[in-house]
Amino acid sequence: MTEKEPSRRQFLQGHSFFGKIREAAGAAVDAASENADAFPMATTDTSPAGWPLLRFARRAMANDFEVLLNRGQYPQATEAALAVLDEVERLESVLSAFQVESEISRINSSAAQNAVTTSSEVWNLLAQCLQLASETDGAIDVTASTLWRLWGFSKREGKVPPQHEITAALQCVGQALVQLDTEPQSVRFTKPGVEISLGCIGKGAALDSAQGKLWESGVEHALLHGGRSSILALGGRMREAWPQTAQKNVPSNVCGTLLESTRDRSVGWTVGISHPIRPGRRLAEVRLTDEALGTSGSQHQFFIHQGKRYSHIIDPRSGWPAENVLMATVIAPAAALADALSTAFFVLSPEQTVEYCRRHPGVAALLVLPAETLSSDCRILHFGFEQNQIRFETDAT
């Protein structure tokens with residue numbers, strides 16, 4: 001007779017099989033992290049000096065979401081991790097434009113005819129996106145999904161549409177087409193054909209909300225990520241500090257500014273950032289302590305047409321794919337903000353990104369740009385990082 005699968009209640013109560021599952025989970029992340037190819041955007045740190053890890057995963061928002069905890073630190077680790085993953089799943093049912101019963105789908109179907117009352121979490125996210133659109137000269141726009149679909153990225157069938165179709169689609173793109181009323185909290189579109197998507201901020205928003213579930217469970221040290229491009233670090237993984245000489249031997253194509261650190265960077269989570277044009281290679285490592293990281297790149301979603309490469313990240317102001325940045329990584333206090341800004345910085349010029357970081361302490365950016373000379377394959381800029389927070393691979397060029 002085949003043994004029955006354990007129920008969720010049995011799993012939480014810690015029956016005899018729990019120890020095996022826990023050990024397997026910890027081993028899985030340690031083994032996988034040895035293969036850099038498994039991490040297209042960012043990798044979790046697995047230094048031998050670090051504590052062993054527990055890993056819990058679930059598929060949501062078209063990505064693998066994971067919770068990593070220091071093994072043995074919290075007796076309630078399993079229940080806390082499952083609460084996190086349940087919260088991510090709940091947010092997907094609210095925020096996904098691909099689920100017909102979601103709140104976003106309800107807004108898209110009715111807001112051009114009548115104001116649609118929303119939940120506070122959706123209204124606040126939309127308000128944040130509209131504010132960020134204003135701060136970034138429209139580089140991020142929740143109404144831009146029409147353009148993304150026009151270019152064929154919704155079906156992974158990229159194509160270059162004729163300019164007249166792009167011009168027509170732009171008539172339904174822009175933050176001015178979305179009206180938010182505070183009493184009651186409602187959304188209205190100013191014309192038919194407008195639709196919204198929170199794809200630029202949804203994964204980060206889910207991680208921010210999931211953080212509250214950890215706090216409710218008494219967990220203060222964890223690393224959460226969605227697809228390894230949206231990461232939220234709480235507390236840290238106890239391990240040895242980086243050497244104070246970490247910034248020596250920086251590659252010649254790297255330039256930027258560092259800030260003096262006011263945090264104890266010996267307690268934090270180290271995340272590796274993969275090279276955008278060298279598969280299987282790391283570009284740099286960053287240390288996160290109670291902060292988030294978001295990365296936008298086009299390594300995996302692009303197409304070639306007549307010898308030219310087109311990214312899936314569309315500039316909502318022109319209607320054409322952004323083309324001046326290869327990858328944008330952002331450190332910010334919250335995951336939703338890091339996600340949204342990584343998209344915006346992929347679209348903006350480096351000068352505009354520098355100015356944004358200067359005006360917003362707590363936000364740091366790492367940009368990978370096309371090379372200006374034949375001696376390297378890219379150019380790296382970074383702004384706003386704290387001392388010893390970032391360490392570049394010496395062969396990053």
Side-chain angles (χ1 to χ4, degrees), residues 36 39-43 132 135-140 151 200 228-230 247 249-259 271-286 293-305 307-332 338-360 363-385 389-397:
F39 304 100
M41 302 299 273
T43 66
L132 288 171
E135 293 177 355
T136 61
D137 190 31
I140 180 174
W151 280 83
C200 63
R228 296 185 173 86
S229 60
S230 302
Q247 286 303 316
N249 301 320
V250 174
S252 60
N253 69 331
V254 177
C255 62
T257 58
L258 297 173
L259 303 176
V271 174
I273 301 174
S274 295
H275 204 295
I277 54 179
R278 294 186 182 183
R281 301 288 291 276
R282 277 191 176 185
L283 176 71
E285 293 181 342
V286 295
L293 177 150
T295 292
S296 290
S298 59
Q299 302 94 299
H300 306 288
Q301 292 194 58
F302 67 91
F303 69 92
I304 306 293
H305 177 70
K308 185 172 182 179
R309 187 179 189 275
Y310 293 92
S311 161
H312 75 292
I313 300 177
I314 309 295
D315 185 338
R317 302 164 300 181
S318 68
W320 285 77
E323 58 181 13
N324 295 323
V325 177
L326 300 176
M327 186 179 73
T329 294
V330 175
I331 310 295
D339 262 11
L341 287 179
S342 71
T343 299
F345 292 171
F346 193 94
V347 172
L348 292 174
S349 69
E351 293 76 17
Q352 289 172 307
T353 295
V354 171
E355 180 60 20
Y356 187 96
C357 294
R358 186 189 67 80
R359 290 187 285 108
H360 296 84
V363 174
L366 169 65
L367 303 180
V368 181
L369 311 177
E372 294 181 323
T373 67
L374 296 178
S375 61
S376 65
D377 53 19
C378 66
R379 183 163 55 104
I380 305 168
L381 306 177
H382 62 95
F383 325 101
F385 287 89
Q389 187 179 11
I390 187 167
R391 179 173 63 181
F392 291 96
E393 297 294 328
T394 55
D395 60 348
T397 59

By side chain to side chain contact (heavy atoms under 4.5 Å, CB included), which residues pair with A322, not counting sequence neighbours? F346, V347
For the residue pair I273 and M327, establish whether any side-chain heavy-atom pair is separated by less than 4.5 Å. yes
Which heavy atom of A139 sits nearest a heavy atom of A344, and at what distance? CB-O, 3.8 Å
Test of understanding: with side chain to side chain contact (heavy atoms under 4.5 Å, CB included), list the residues that count as partners of S230, not counting sequence neighbours. K203, L207, D339
All side-chain hydrogen bond (donor to acceptor under 3.5 Å, both in side chains) counterparts of R358, not counting sequence neighbours: E355
Gap separating the SG atom of C378 from the CG atom of L283, nearest 0.5 angstrom: 6.5 Å
Heavy atoms, side chains only, cut-off 4.5 Å: are P350 and L369 in contact? yes
Do the side chains of F385 and I331 get nearer than 4.5 Å, heavy atoms only? yes
Which label fits F392 and H382: parallel for a plane angle under 30°, tilted from 30 to 60°, or perpendicular past 60°? tilted
May I have the step-by-step check of side chain to side chain contact (heavy atoms under 4.5 Å, CB included) for L367 and I380, ending in yes or no? CA-CA 6 Å; L367 303 180; I380 305 168; over 6 Å; no
Kindly write out the residues that satisfy side-chain hydrogen bond (donor to acceptor under 3.5 Å, both in side chains) with D137, not counting sequence neighbours, or none if the list is empty. R317
For the pair E285 and R391, evaluate salt bridge (charged side-chain N to carboxylate O under 4.0 Å, His left out) and give the outcome as yes or no after the intermediate values. CA-CA 5 Å; E285 293 181 342; R391 179 173 63 181; 2.6 Å; yes
Sub-4.5 Å side-chain heavy-atom contact between P370 and L326: yes
Taken in chain and number order and not counting sequence neighbours, the residues that satisfy side-chain hydrogen bond (donor to acceptor under 3.5 Å, both in side chains) with T353 are none
Sequence neighbours left out, what pairs pass salt bridge (Lys or Arg N to Asp or Glu O under 4.0 Å) with at least one residue falling in residues 322-332? K308-E323
Could you tell me which residues satisfy side-chain hydrogen bond (donor to acceptor under 3.5 Å, both in side chains) with E135, sequence neighbours excluded, listed by chain and number? Q131, Y356
I313 side chain reached by S296 side chain, heavy atoms, under 4.5 Å: yes
Would you compute the distance between atom CZ of R282 and atom NE2 of H275 and round it to the nearest 0.5 angstrom? 13.5 Å
Shortest non-hydrogen pair, A328 vs S342, comes out as CB-O, 3.5 Å
Decide yes or no for V368 and V325: does some side-chain heavy atom of the first lie under 4.5 Å from some side-chain heavy atom of the second? no
Side chains of V354 and F383, heavy atoms from C-beta outward: is any pair under 4.5 Å? yes
Taking the side chain as every heavy atom from C-beta outward, state whether P321 and W151 have any atom pair closer than 4.5 Å. yes
Any chance you could lay out the side-chain hydrogen bond (donor to acceptor under 3.5 Å, both in side chains) test for T295 and T329, step after step, and finish with the verdict? CA-CA 4 Å; T295 292; T329 294; 2.9 Å; yes
For I140 against T136, the heavy-atom pair lying closest together: CG2-OG1, 3.5 Å
